[in-house]
Each structure stands twice: as structure tokens, then as C-alpha cells.
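What follows is one structure encoded as C-alpha cells, with my remarks underneath.
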Amino acid sequence: MLVKLTRLGLPKELSEPAGEVKSGIIYSFTGAMSPKAKESAYLHMPTYLAGIIYHIGTFTSLALFPLVLILNIGENTLPDLIRDFLSIGLALSSVSGAGIFIKRIVTPNLRFFSSADDFISNFLTTLIQITTLLLLQGVIAPVIYYLSASLLFLWMPFGKTKHLIYFFFARINLGYFYGRRGTWPLVKRDKI
């Protein structure tokens with residue numbers, strides 16, 4: 001998909017720029033992600049915060065994967081302080097992921113708009129966080145950790161988890177588009 005998008009290239013811009021692309025891209029990753037800029041966030045702050053914690057846990061788990069694979073890090077290879085810090089963070093993110101999963105099941109509107117992909121992606125992402133936590137604590141054998149990671153990596157190109165890859169490209173594209181047009185960052189203008 002990335003090759004396909006790259007081949008399409010950028011559309012030819014016919015209008016004169018009204019803003020700065022760089023500012024738009026920076027705003028796309030900062031102010032546009034703020035709960036103040038998203039109605040779905042400021043109306044549901046607990047879920048928004050759980051989502052942030054959940055995403056941090058996901059990136060932590062994925063960042064630890066090569067270290068586990070190459071350096072065989074685990075229960076006895078990290079200093080206790082680092083292992084405990086990571087474990088607490090992964091415990092919080094796992095609970096957040098499970099909470100989001102349960103909310104999707106019990107909330108009628110969310111359940112109506114959810115597909116099997118939503119449930120599978122959430123389950124596999126939460127599973128890798130839990131197994132990473134358990135591996136760090138020496139509770140499970142590495143093979144269980146590798147199986148859960150393999151399931152996530154196999155699902156990633158097909159499910160919504162692929163946004164782990166496309167997120168950055170999409171935010172840059174939005175920032176470019178709205179920055180060039182002078183729409184982002186939001187500017188307070190004097191009333192005419």
C-alpha cells in the first residue's frame with residue numbers, strides 16, 4: 001500500500017500557497033491532536049486519556065520487541081527500576097486497552113459501528129502489551145510472547161493496526177494540505 005501511495009505522488013497544486021507547510025505539519029502532530037481540537041475527545045476525556053496510555057503502551061511493546069529478540073531481555077536482564085517502570089506502564093496500558101475493548105462491547109452505538117477488525121485489532125494489541133509485561137516479570141516463557149507478537153504482526157497489514165505505519169504519513173499529508181492553504185495552524189483573525 002505504501003508503494004502504491006508513493007507511485008500516486010502528490011497532486012499538482014494549482015492554487016497559490018496561503019500558509020506554511022512546515023507550520024501545518026507541526027500543528028498536525030501537536031495542536032490538531034489536542035482534545036480541544038477533537039469533539040470526539042473533549043466529550044469523552046476518560047476514553048481519550050485511556051487511548052493515549054494505550055498507544056504509549058503499544059509503542060513501548062513494539063519498541064521492546066527487537067530488544068527481546070536480539071538482546072534476549074527479560075526478567076533478569078534489565079535493572080529492577082527500569083523493568084518495574086516498564087511493567088507499571090504496560091499494566092496501565094493493558095488495563096486501558098481492555099477497558100476500551102469492553103466499552104466497545106457494552107456501548108450500543110460503539111458496538112453498532114464496530115467491525116470484527118476493531119475487536120481483533122484491539123485484542124491483539126492488548127495481548128502483546130500483556131505478554132510483554134508478563135515476559136518482563138518472568139511469568140511466561142518467551143515462546144508465548146513470540147506467538148502473541150507473531151499474531152499481531154501477521155494481522156497488522158490486514159487490520160486497523162496498520163495505522164501504526166500510516167499514521168505518520170497521514171499526519172504529514174494533512175499538515176501539508178492544510179498548512180499550504182493557511183488553515184493550520186489555527187490563527188485568530190480580527191473580525192471584519
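Everything quoted here is computed from the prediction, not taken from an experiment.
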Closest approach of [X] to [Y] (non-hydrogen atoms, all atoms of both residues):
| X | Y | answer |
| --- | --- | --- |
| I53 | S93 | O-CB, 3.3 Å |
| A149 | F65 | CB-CE1, 3.6 Å |
| T47 | K103 | OG1-NZ, 2.5 Å |

State which residue, out of I128, L133, T126, fulfils the side chain to side chain contact (heavy atoms under 4.5 Å, CB included) condition with I130.
T126

Under the criterion side-chain contact (heavy atoms from CB on, under 4.5 Å), I'd like the reasoning laid out for T131 against Y146: C-alpha separation, chi angles, the key distance, then a yes or no.
CA-CA 9 Å; T131 56; Y146 290 125; over 6 Å; no

Are [X] and [Y] close enough that some pair of their side-chain heavy atoms sits under 4.5 Å apart?
| X | Y | value |
| --- | --- | --- |
| K162 | P157 | no |
| F29 | I172 | yes |
| Y48 | I52 | yes |
| I26 | S23 | no |

When clusters are formed by joining ILVMFWY residues with side-chain heavy atoms under 4.5 Å apart, either directly or through shared neighbours, do [X] and [Y] land in the same one?
| X | Y | answer |
| --- | --- | --- |
| L152 | L136 | yes |
| I140 | L67 | yes |
| Y166 | Y54 | no |
| I100 | I120 | no |
| I102 | L92 | no |

Classify the angle between the aromatic ring planes of Y178 and W184 as parallel (below 30°), tilted (30 to 60°) or perpendicular (above 60°).
tilted

Do S28 and Y176 have side-chain atoms, one donor and one acceptor, less than 3.5 Å apart?
no

Residues Q129 and S61: side-chain donor-acceptor under 3.5 angstrom:
no

For D80 and R83, what are the C-alpha separation, side-chain angles and deciding distance, and is it a side-chain contact (heavy atoms from CB on, under 4.5 Å)?
CA-CA 5 Å; D80 291 346; R83 188 189 73 234; 3.0 Å; yes

Measure the spacing between [atom1] of [X] and [atom2] of [Y] and express it to the nearest 0.5 Å.
| X | Y | atom1 | atom2 | result |
| --- | --- | --- | --- | --- |
| L90 | S96 | CG | OG | 11.0 Å |
| L174 | Y27 | CG | OH | 12.0 Å |
| L135 | S148 | CG | OG | 9.0 Å |

Where do F153 and L62 land on the side-chain contact (heavy atoms from CB on, under 4.5 Å) test, with the steps shown first?
CA-CA 10 Å; F153 291 140; L62 294 175; 3.7 Å; yes

Mind running side-chain contact (heavy atoms from CB on, under 4.5 Å) on R180 and E20 for me, showing each step along the way?
CA-CA 5 Å; R180 188 174 192 283; E20 296 180 18; over 6 Å; no

For L81, is the CG atom crowded, meaning more than 12 foreign heavy atoms sit under 6.0 Å from it?
no

Heavy-atom count check: over 12 atoms from other residues, nucleotides or ligands less than 6.0 Å from F85 CZ?
no

Regarding R181 and the six-membered ring of F177, is the cationic atom NZ or CZ under 6.0 Å from the ring centre and inside 45° of its axis?
yes

Working note: Q137 + S87, criterion side chain to side chain donor-acceptor pair (under 3.5 Å); need CA distance, chi angles, decisive distance, verdict.
CA-CA 8 Å; Q137 292 299 316; S87 296; 2.6 Å; yes

Any pair with a residue in residues 94-129 that passes ring pair (Phe, Tyr, Trp, His ring centres under 6.0 Å), sequence neighbours left out, goes on the list, sorted by first then second residue, please.
F101-F119

According to the salt bridge (charged side-chain N to carboxylate O under 4.0 Å, His left out) rule, which pairs have a member within residues 114-126, sequence neighbours left out?
R104-D118, D118-K160

Test your reading of the model: is there a side-chain donor-acceptor pair from S34 to the backbone of K36, 3.5 Å cut-off?
yes

So, T125 side chain and N122 main chain: donor-acceptor pair closer than 3.5 Å or not?
no

